[in-house]
Every structure is written in C-alpha cells, then in structure tokens.
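I have placed the structure first, in the form of structure tokens, so that the comments after it can refer back to it.
To find a chain, count down the sequence lines: A is the first, B the second, and so on, and within it residues start at 1. Side chains are part of it too, since the values below use all heavy atoms of this structure and drop only hydrogens, waters and symmetry mates.
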Amino acid sequence: MARDDEFAAFVAARYRALVRRGLLLTGDSGHAEDLAQSALIRTYLAWSRIRDPANAESYARKTLLRLAVRARGRRWRREIVAARVPEPASAPATGVDPDGLALDVRRALAALPARQRAVLVLRYLDDLSEAETARLLGIPVGTVKSRATRALAALRQTGLLDREGERNER
Amino acid sequence: MSDEQKVRGLLALAAELPDDVNPPVQRLVYLGRRMRAKRRRVHSVLTVIGAAVAAAGVPLLIHVLGPAAFVPTAAVPRSGLFAARPRPAPSGPAPAQLSRFRWSALPPSPLERRSQPVLTWTGDELIELAGPNGPASAPGGWSHAAAAFTPATGTWHLIAPVPGTMLLTNAFGVWTGRRLFVANANVPPDEKAAVGTSAALYDPAANRWTETPLPQQVGGATQLAATWTGQVIVVAGVQAGQITVAALNPATRQWTVLLSPALPVKHPARFISVVATSDRVILWSLWDVVTRTSDGFSDYAGVDVLALSSDGSWRNVTRRWPQEQDVPSPVYTGGAILVSPSQIWCGIACIPPSSSFPGMLADPATLRITAIPPGPLGRTVGTLTLAGRGILAVGSGGISPPSRHQIPVDAMASYDPATGRWRSLPAPPGYPPLAAPPIWAGTQLLEVTNSGQLLAFHA
C-alpha cells in the first residue's frame with residue numbers, strides 16, 4: 001500500500017497549511033476544513049499521476065482554490081430557510097488575537113469577491129509572483145494586478161491596514 | 001511599512017489555526033479509497049452503457065443519414081462478409097487409407113531453388129511463387145518468377161511473373177476458389193516504404209496479375225494476416241498496438257475498411273492470426289506490455305480472441321482461450337478450427353524455453369478446445385495439414401519425450417479426428433528438408449523440397 005502510505009505522509013505534513021488557505025478563502029474554519037479535505041481526496045484520486053510530493057502540493061493548492069471559487073459561485077443554492085435565527089459565531093480563542101483583528105480580517109476578506117480573495121492569498125500569503133498567480137488561476141497578469149489593487153483598496157477602506165501598522169509599532 | 005507588507009502580516013494573523021486542527025489522515029485515506037472504488041464502478045457502468053448506446057445508435061444513425069454519409073468510416077461490403085452457402089465438409093481419402101499411400105518423385109520445379117515459397121493448390125494446379133532465391137541458409141535476391149504444376153499432365157509451366165512493382169519478401173497467399181491473393185505477412189518498419197502496400201490478385205484462368213494496393217488504414221501495418229470468408233478476403237494488420245481490418249472483394253477488386261476491433265485496455269497487439277468460419281472471422285491478438293525494471297524488463301502477455309460477425313461488429317470472445325501460447329496457422333475444417341502445435345507466448349521481450357503445446361481443434365461456435373493427443377511424432381510435430389478427411393502431421397525433428405526417440409525431420413503421421421487415432425506414415429525417401437509446409441492436392445500430398453524437388457504422396 002505504498003500509495004496510501006505516501007498520501008498519509010503528505011496529509012500529515014500539509015493539512016494545516018491547506019486549511020489555513022481555506023480559512024482565508026472562506027472566512028470560516030469549518031468550511032476551510034471541508035475544502036481542504038475535498039481537495040485532498042481529489043489529490044488522492046490523482047496520486048498515480050502526481051507521484052512527486054512537490055506536484056502533489058501544487059495540485060492540492062490549485063484544487064482547493066478552484067473549489068473555493070466554485071463554492072462561492074454557487075453558494076446561493078445552499079441557503080437554508082431556518083425557523084429561528086442562529087446564534088452568532090464567536091471568535092476562536094487562539095490567545096494570539098486579543099483585539100479580534102484576525103476575525104475582522106476574515107470578515108473583510110469574506111466581503112471581497114472570491115476571485116480577489118484568491119489573488120490576495122496567492123500573492124501575499126503564498127508569496128507567488130504575479131505571473132505565477134496568473135498561471136495558477138488561468139487569468140492574464142493584468143487581471144491579477146487589477147484584482148490585487150482593488151482588494152488592497154477595499155482592505156485599506158476598512159482601516160485594517162492602519163491597525164496592522166499600529167500593532168507592529170507596539 | 002508598505003501596504004503590501006501590512007497585508008502579508010494581516011493574512012498570516014488571520015490564517016492562524018487553533019492547535020486542535022489536526023489532519024484526519026486515516027479518514028481521508030478511507031474516503032479516498034472509497035471514492036476510487038466508486039469511480040471504477042461508475043466507469044464500468046458507463047462503458048457498458050456507452051457500448052450499448054453505440055451498438056443501438058450507430059446503426060440507427062447510419063439508417064437515418066444514409067450509408068453515403070459514412071463512406072470514410074467502417075462499413076460492410078455491399079456483397080456481405082460471408083457466403084450464403086456453408087462450406088462443404090472435407091472429402092477425400094480417410095486417414096486409414098493414407099497409410100497405404102506411397103511416395104513418388106515428380107519433375108522438379110523450373111524456378112530457381114528458393115526457401116519459403118508460397119504454395120497454393122487451385123484445384124487443378126500447384127502454384128509456386130515468391131520466397132528468397134537460393135537455400136534458406138544463404139538466400140539471394142527476390143525473384144518475380146512463378147510457376148505451376150499440373151498433376152493431370154505431370155508437367156510444370158511458367159506462369160505470369162509477379163508484378164515488377166511488388167516486392168514479396170515475406171509473402172503469404174490466400175486462395176479464394178478462383179483467384180490467389182498475395183501480400184507480405186511481416187514487414188520490418190525500415191522496409192515499409194518499399195513493400196508496405198504490396199498486394200495483388202492472380203487469376204489462373206486468365207494467367208493475369210492485378211495489383212490491389214492495401215488501403216491506407218491497413219497498408220501501414222507491420223504484420224498482416226488474411227482469410228477467405230467465401231465472399232471477401234478479410235485482411236487484418238497490426239500497427240502501433242492497434243488492429244485495422246479491411247475486406248477485399250476479389251471479383252470487383254473493391255476494398256472496404258471494416259470496423260477495428262476494440263482491444264481491452266493495456267492489451268496492445270503484437271501479432272495476429274485470423275481464420276474465417278462459416279459465419280464469423282476469428283482473430284487472435286497476441287498482446288504484451290513491456291515495463292523496465294531495476295534488473296531489466298518484465299513482460300506481461302496474453303491472447304485476446306475477437307470475432308467479426310456478418311454485420312461488421314466485433315465481439316471479444318476470449319473467455320477461457322489459453323493465454324500462454326501462440327496460434328500458428330489456424331485452419332477452418334468445416335466443422336472445427338485446426339491449430340497447429342504452438343510455442344509459448346510470453347511477450348516480445350521474453351525468450352521462452354524451447355517447448356511446444358500440442359495441436360488442437362476448437363469448436364467454431366464456442367471456441368471450446370479439444371487438444372490433439374500426442375501421436376507417433378510426440379511433441380515434434382511442426383505443422384498440421386488437412387488431408388482428405390484426416391489431419392496430417394509433419395515432424396519438425398528432435399527428441400520426443402517420454403520415449404526419448406529421435407524423430408527425423410519430415411517424419412509423418414495421420415490423425416483421425418473422428419476416432420482420435422494416430423497412424424504412422426512413411427516419410428519421404430531420404431528425409432529431404434522441405435521448402436514449405438506440404439499441400440494437400442485433393443487426392444494426394446505434394447511437397448517441394450529446398451532443392452526444388454517435387455514429391456507426391458499418393459495412392
């Protein structure tokens with residue numbers, strides 16, 4: 001069962017990194033884990049073609065991005081009419097976010113279009129170049145630039161960039 | 001601090017996870033396995049549905065659009081693939097009568113001595129053509145000369161030579177009852193340009209050759225095999241692991257490209273054999289997959305059996321056909337398919353031990369096999385030839401277990417399929433090496449030796 005062993009080692013090593021990306025793309029840790037697991041199962045199915053762990057990482061990341069963008073596009077189908085208003089979700093008690101800054105960032109990201117979010121994650125979390133981002137998303141480099149500019153402008157308007165500046169000065 | 005740096009810091013902060021987010025490794029492996037199994041099941045079902053839709057839809061489409069819309073694709077010849085009348089059952093002397101036959105020397109062939117010529121019995125004459133000049137050990141060039149022997153007059157005469165544009169380096173012949181179809185059986189890729197599309201029909205009544213170049217789909221093949229169905233000559237070729245098939249109507253000299261058989265996944269064809277029964281063409285595809293290993297190569301091999309029906313469709317009828325042996329010279333006897341003793345088939349990268357399987361008779365409808373038991377020639381039988389109502393075995397020479405007797409080359413015996421009994425027959429005087437397998441000529445057996453001698457085994 002070499003395939004299963006290799007895959008298990010890959011999951012153990014890369015699961016949290018994928019969930020982190022999923023969290024930024026969806027703004028919700030539950031959705032993020034769902035996304036990461038869906039991407040990993042697809043990676044398992046493609047394992048015989050991938051073989052190289054570096055390729056597996058790239059495949060899983062790309063799949064996760066695609067699933068996130070697609071899930072956003074059809075979210076309306078998943079709306080459920082509920083009899084009562086659910087309790088608002090509380091911020092995760094991580095101990096590293098006393099000001100609730102992380103939660104505010106996730107909310108601000110969630111307010112962005114999914115494609116702008118994907119560009120932000122690839123450019124500023126994964127540190128990919130504009131050309132690599134364009135190749136991964138299958139869009140022109142110019143589109144990457146414009147989406148990144150708009151996303152940065154939106155974040156600037158929320159005041160989050162100023163708060164981050166203050167946090168770093170402290 | 002730039003805005004981009006601030007964004008990086010914000011994203012890193014927002015992406016931090018609680019410590020209790022752990023990878024569900026076993027669950028993902030389990031789900032992956034389950035999903036893979038499900039995909040395989042779905043794939044199988046879709047394949048079956050696709051085949052059913054194609055089987056039902058394609059004829060309907062052809063019916064709706066008309067056959068003219070499909071000229072470049074597969075079709076059944078206008079004349080049909082099979083003759084309406086079944087072939088007559090074998091006639092001639094019973095195997096017991098063969099044991100009272102004797103050998104005679106007849107006039108030698110007027111052609112230069114040659115090895116592996118094409119020999120064909122037309123009902124009146126024995127035609128000899130092709131084969132490299134000179135002895136088998138040192139063949140010379142390729143002669144276009146051809147000759148025929150008429151038993152009624154006891155004489156040879158030269159017939160029209162093979163067309164000069166044809167280069168028959170490894171020829172085989174298929175007799176249709178009126179004409180002889182000739183083409184090359186195996187063509188090395190480097191000779192493809194010169195001989196690849198060579199094929200011709202010889203009409204003995206008019207003493208005339210007509211070139212019938214193979215259709216493009218079949219002409220590129222590196223191996224060809226052909227059989228006469230009673231209506232058309234079905235020619236199958238192997239090229240790059242695929243099999244292409246065409247039918248030639250010898251009366252109109254029209255080729256029709258037929259549907260190619262669908263080979264199972266990862267079963268690339270290497271060699272083929274074909275034979276026509278009264279209502280099907282059976283094709284054996286010897287396949288193998290060679291993979292490089294740390295210490296050389298491994299070869300995974302087998303045999304697929306495919307049947308072409310009168311509607312031009314193929315079915316895989318492999319069922320329990322032996323997977324480890326080749327299928328040399330299959331012949332339809334009218335009641336069974338006769339297969340000469342075969343060698344081990346273990347792929348092209350495999351060098352099998354020197355061993356052979358006994359000849360066999362296969363039911364043409366079910367392909368159920370009846371092995372021919374070892375006879376006086378033991379395991380040294382080279383070829384089996386239909387002779388009257390019996391089967392004639394010619395020895396390939398060697399020591400045959402279990403008796404460990406030395407069996408000479410050309411030793412002969414006859415087998416009666418009705419009784420399952422073998423009889424030893426007298427060998428040709430001096431055991432001369434034969435240039436080609438013997439030919440049954442209605443009432444006698446004719447053999448051409450390597451030196452061009454013609455011998456008859458007759459009543």
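Atom CZ in Arg123(A) sits 7.0 Å away from atom CZ in Arg8(B) (nearest 0.5 Å). With rounding to the nearest 0.5 Å, the separation of NZ in Lys6(B) from CG in Leu160(A) is 11.5 Å.
Of the listed residues (Leu125(A), Leu18(A), Asp162(A)), the one with the most heavy-atom contacts under 4.5 Å to chain B is Leu125(A). Top candidate by heavy-atom pairs under 4.5 Å with chain B, chosen from Leu120(A), Val11(A), Val19(A), Leu24(A), is Leu24(A). Per-residue counts of heavy-atom pairs under 4.5 Å with chain A were compared for Asp19(B), Asn22(B), Val25(B); the largest is that of Val25(B). When each of Val121(A), Leu109(A), Asp127(A), Thr43(A) is checked for heavy-atom pairs under 4.5 Å with chain B, Asp127(A) comes out on top.
Looking at Leu161(A) and Leu10(B), their side chains come closer than 4.5 Å, going by heavy atoms from C-beta outward. Residues Phe7(A) and Leu28(B) form a side-chain contact, since some pair of their non-hydrogen atoms from C-beta on lies under 4.5 Å apart.
A distance-only check finds a donor-acceptor pair linking the side chain of Arg16(A) to the backbone of Val21(B) [under 3.5 Å].
Between Ala8(A) and Val29(B), the closest heavy-atom pair is CB-CG2, 4.3 Å. Contact between Leu45(A) and Gly32(B) at its shortest, heavy atoms only, is CD2-O, 3.8 Å.
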Under 3.5 Å, which donor-acceptor pairs link side chains of residues 33-42 of chain A to any protein atom two or more places apart or in another chain?
{"from": "Glu33(A)", "atom 1": "OE1", "to": "Tyr15(A)", "atom 2": "OH", "distance (Å)": "2.4"}
{"from": "Gln37(A)", "atom 1": "NE2", "to": "Tyr15(A)", "atom 2": "OH", "distance (Å)": "3.0"}
{"from": "Ser38(A)", "atom 1": "OG", "to": "Asp34(A)", "atom 2": "O", "distance (Å)": "3.0"}

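Residues of residues 264-274 of chain B having a heavy atom under 4.5 Å from any heavy atom of chain A: none. Proximity to chain B among residues 142-155 of chain A is limited to Leu152(A), Leu155(A), judged by heavy-atom separations below 4.5 angstrom.
For CD of Gln323(B), the number of neighbouring non-hydrogen atoms (other residues, nucleotides, ligands) closer than 6.0 Å is greater than 12.
Listed by chain and number, the residues in a side chain to side chain donor-acceptor pair (under 3.5 Å) with Glu164(A) are Arg167(A), Asn168(A) (sequence neighbours excluded).
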